Every structure is written in C-alpha cells, then in structure tokens.
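Scroll down for the structure; my scribbles are underneath it.
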Amino acid sequence: MNTYKCLHFKYIDMQQLLDTAEKIRTMEIRGAGRIAEAASAALRDYVLRIKVTNIKDFNKKVDEAANILIQTRPTAVSLPNAVQLTKRHTATEVSEAREEILRNADRFLEQAGQALEKMGEIGAKRIHDGDVIMTHCNSHAALSVITTAFEQGKDISVIATESRPRRQGLITIKELNDHGIPTTLIVDSAVRYCMKDVDTVIVGADAITINGALVNKVGTSQLALAANEARKNLLCVAETFKFSPKTIQGDMIDIEERSPEEVIDSDILAGMPNVKVKNPAFDITPAEYIDMIITEVGAFPPQMAYTIIKEHLGWEFTKMG
Ligand SMILES: O=C(COP(=O)(O)O)[C@H](O)[C@H](O)COP(=O)(O)O
C-alpha cells in the first residue's frame, strides 16, 4: 500500500487532497505549471473542509496538508512556491484565515492562467516567419509561445523530441498537430544531427536557480550544448513562480530519480545482475547556454534571476520548508 493510501485512513477529510497528491506523484498531473495549479486548488478545497475552530490547530492542519503536497515531486519549485503563495495568511481567526487562503488560491490560479497567455505574447516576438523551432518534453509554457506565434500567422514548424523514458514528446506532438502546426518527431539522440535545421530552441522549466541555471526535463542540457555549438538561440519560458528563492541560501535543487521500470522491463533487468539503471528525471543547464528567459513580466537574461526572485517572490520564501 502506498504512502498516500495509508494516509487515507488517518485523514478522511483530506481524501481529495490526497488524491491530488497521488496524481502528482504518479504523473497523472504533470508539468511544473499544472502541478502548481493542482496543488493550490487542492489546498484551497481542503481548507474549506477543515473543521477546527482554533487558529493554531487550523494552521497545523494547513501545514500538514501543504507538506503532503510539497513532498510529491522534489524538483519542480513551482510546487512549494504555489503552496506557499496559497497558504500564507496573517489572520488570527479561523474564518479570516480560511477566506485569505481561498483568495490566495483564486489569485494564484488566475495569475497562472494569465501568465501562460502573457508569456505566449512576449515569447512570440522572438519567433520569425519561416523559423524552425526545436522543443523538448511537454511544456505548456513553451507551447504557449509556439502556438501564439503560429496564430499570429507566422509560418513556423517544430521539431519535437520524444523525451524518453516517459515520452512526453508524444503529448507535445498531439497538441501541435491539433493546432495544425507542421511537426517532426525525433528521438532524443537525434538532437545534434537535427540542430542544423533549427532556428530557435524553446523549452520550459521546472526550476530556475539564483545563478540563472535552468532545471528542466533530462536531456535539456544536451539540447543546450548542441544549440550553443551550432550558434542557435535557446529560449526558456517560465513563470516567475518557477524561480527558486531557496537557492539564495545555497540550497540545491533536488533532481528526482525515478523508477528503473520506466526505462527497462523489471523482468529483463532481473536477468542481468551486473546491470543497474539510473533514471534522473531532470538535468541542469548553466546560464551561459540560455539566451533569454521569457516570463509573464518580461524577457530577461538568466543573470537577472536574483531580481525576479526579490521582486516577484520575496525574501520570506527563502525560509520555506
Ligand atoms: O520538464 C518538464 C515536465 O516534466 P514532467 O513531465 O516530469 O513533469 C517541463 O518542461 C516543465 O515542467 C515545464 O512544463 P510547463 O511549462 O508545462 O510548466
């Protein structure tokens, strides 16, 4: 029985939140932006069901729920940021605290939706008629830029990587196909070979650190290396809530290691006692490989991560658990 199912017995009133946590853990809900939105909404809905009348007990329950959500996936910093933006309040009465949290969640969800649109508009200015764009994995932020440029009438096409082992690239090509955008699917190892045909690489982000490094789906750093070698631009599209305040304090971003079964059948692996599997879900691209980070508040060089964190997330976030 998994952790969340065990918790079901202990916290009956938390069932919906535990279901969301499980969906995030198993990647039924995935992508840094969607994870953040789902967590914020789950916390909002849970807060409506908390029955205690004492503010201390209320805060304890909120913290408990927040921690369950945060622990589902370790890398996407959008998750703790969204939870923190949702749960913070200054109230001394339960009813006021509840109201504040509901308002926070609604504001976060509204702003997250608007951010996608805004990033699309800003990023599309960097795409020219005739451009070939390479993208990796499945990023709603990156897709917002690509589809906005296409809807503006720019004649563009996309090369999308498969993104082993979970093959999120298949979600990307479906979305691009539904928009009518000419798309070529390639395996991840064809990235360097195909780079000569590319004008701009556009990827999303799970986290951006204080030194402007990009944490995104494993393989992103290979795209960046190949793009750099071929002198092609790499744009990262990321809402401000994907910047990591804790990296100011020296904290590192945890890189999620996922099950070997995503890579190879466990029966086949069992027959090869000298073989083990390493399955990191993300990797790190240094700032010098990134031309621009497109956020909902503007396009910035990665070196401006400090300013984004300070102005759009605030110092209180560095104390987050
Ligand atoms: O790496 C991934 C998804 O990884 P996974 O499939 O493991 O969650 C995406 O590029 C970012 O999360 C950004 O996505 P978005 O722009 O949609 O937030």
Side-chain angles (χ1 to χ4, degrees), residues 20-41 69-70 72-82 108-109 111-120 122-124 133-148 158 160-176 188 191 201-209 213-224 234-244 253-259 261-263 279-285 290 293-296:
T20 301
E22 183 64 1
K23 283 182 184 160
I24 296 173
R25 192 186 67 80
T26 57
M27 292 179 62
E28 191 179 322
I29 300 172
R30 50 147 298 282
R34 295 282 156 98
I35 293 172
E37 290 174 46
S40 179
L69 289 166
I70 288 171
T72 50
R73 289 195 77 187
T75 302
V77 77
S78 54
L79 177 59
N81 282 352
F108 178 76
L109 293 169
Q111 287 176 354
Q114 289 167 350
L116 264 188
E117 213 172 298
K118 196 75 202 151
M119 292 186 299
I122 297 171
I133 295 153
M134 183 180 278
T135 191
H136 185 51
C137 191
N138 176 251
S139 158
H140 298 93
L143 280 174
S144 173
V145 170
I146 296 168
T147 55
T148 304
V158 178
T161 58
E162 180 191 18
S163 308
R164 278 275 292 157
R166 303 274 310 203
R167 308 179 87 199
Q168 291 94 329
L170 302 188
I171 308 171
T172 296
I173 58 167
K174 164 99 179 59
E175 290 184 33
L176 291 167
D188 302 333
V191 158
V201 175
I202 304 185
V203 292
D206 274 77
I208 294 166
T209 65
L214 161 65
V215 182
N216 193 47
K217 179 56 55 196
V218 68
T220 302
S221 65
Q222 285 177 170
L223 252 78
L234 184 140
L235 301 183
C236 165
V237 194
E239 299 89 332
T240 49
F241 61 77
K242 289 176 184 165
F243 286 70
S244 170
I253 304 285
D254 277 354
I255 300 295
E256 179 180 6
E257 291 270 352
R258 297 190 62 86
S259 161
E261 282 168 38
E262 290 185 346
V263 181
N279 184 19
F282 301 96
D283 67 16
I284 302 157
T285 302
I290 302 161
I293 301 179
I294 312 290
T295 75
E296 73 277 19

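All ligand and atom numbering here is 1-based and tracks the order in the structure. For reference, positions follow the sequence shown, starting with 1. What you see is a predicted model, and the numbers here were worked out from it, not measured in a lab.
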With a 4.0 Å heavy-atom cut-off, what residues sit around ligand 1?
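Residues near ligand 1: Met27, Arg30, Gly31, Ala32, Gly33, Arg73, Cys137, Asn138, Ser139, His140, Ala141, Gln168, Ala205, Asp206, Asn216, Lys217, Lys242, Phe282.
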With rounding to the nearest 0.5 angstrom, report the NE2 to CD distance, His140 to Glu37.
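Reported to 0.5 Å precision, the distance equals 9.0 Å.
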To the nearest 0.5 angstrom, please state how far the CD atom of Gln168 sits from the OG atom of Ser139.
11.5 Å
Could you work out, with side chain to side chain contact (heavy atoms under 4.5 Å, CB included) as the rule, every residue matching [X], not counting sequence neighbours?
{"X": "Glu296", "answer": "Ala115, Lys118, Met119, Glu239, Thr240"}
{"X": "Asp283", "answer": "Val218, Thr220, Ser221, Thr285"}
{"X": "Ile173", "answer": "Ala160, Leu170, Thr183, Leu185"}

Passing option when Thr161 is tested against Thr135, Thr172, Asp188 for side-chain contact (heavy atoms from CB on, under 4.5 Å):
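In the set Thr135, Thr172, Asp188, the residue that makes a side-chain contact (heavy atoms from CB on, under 4.5 Å) with Thr161 is Asp188.
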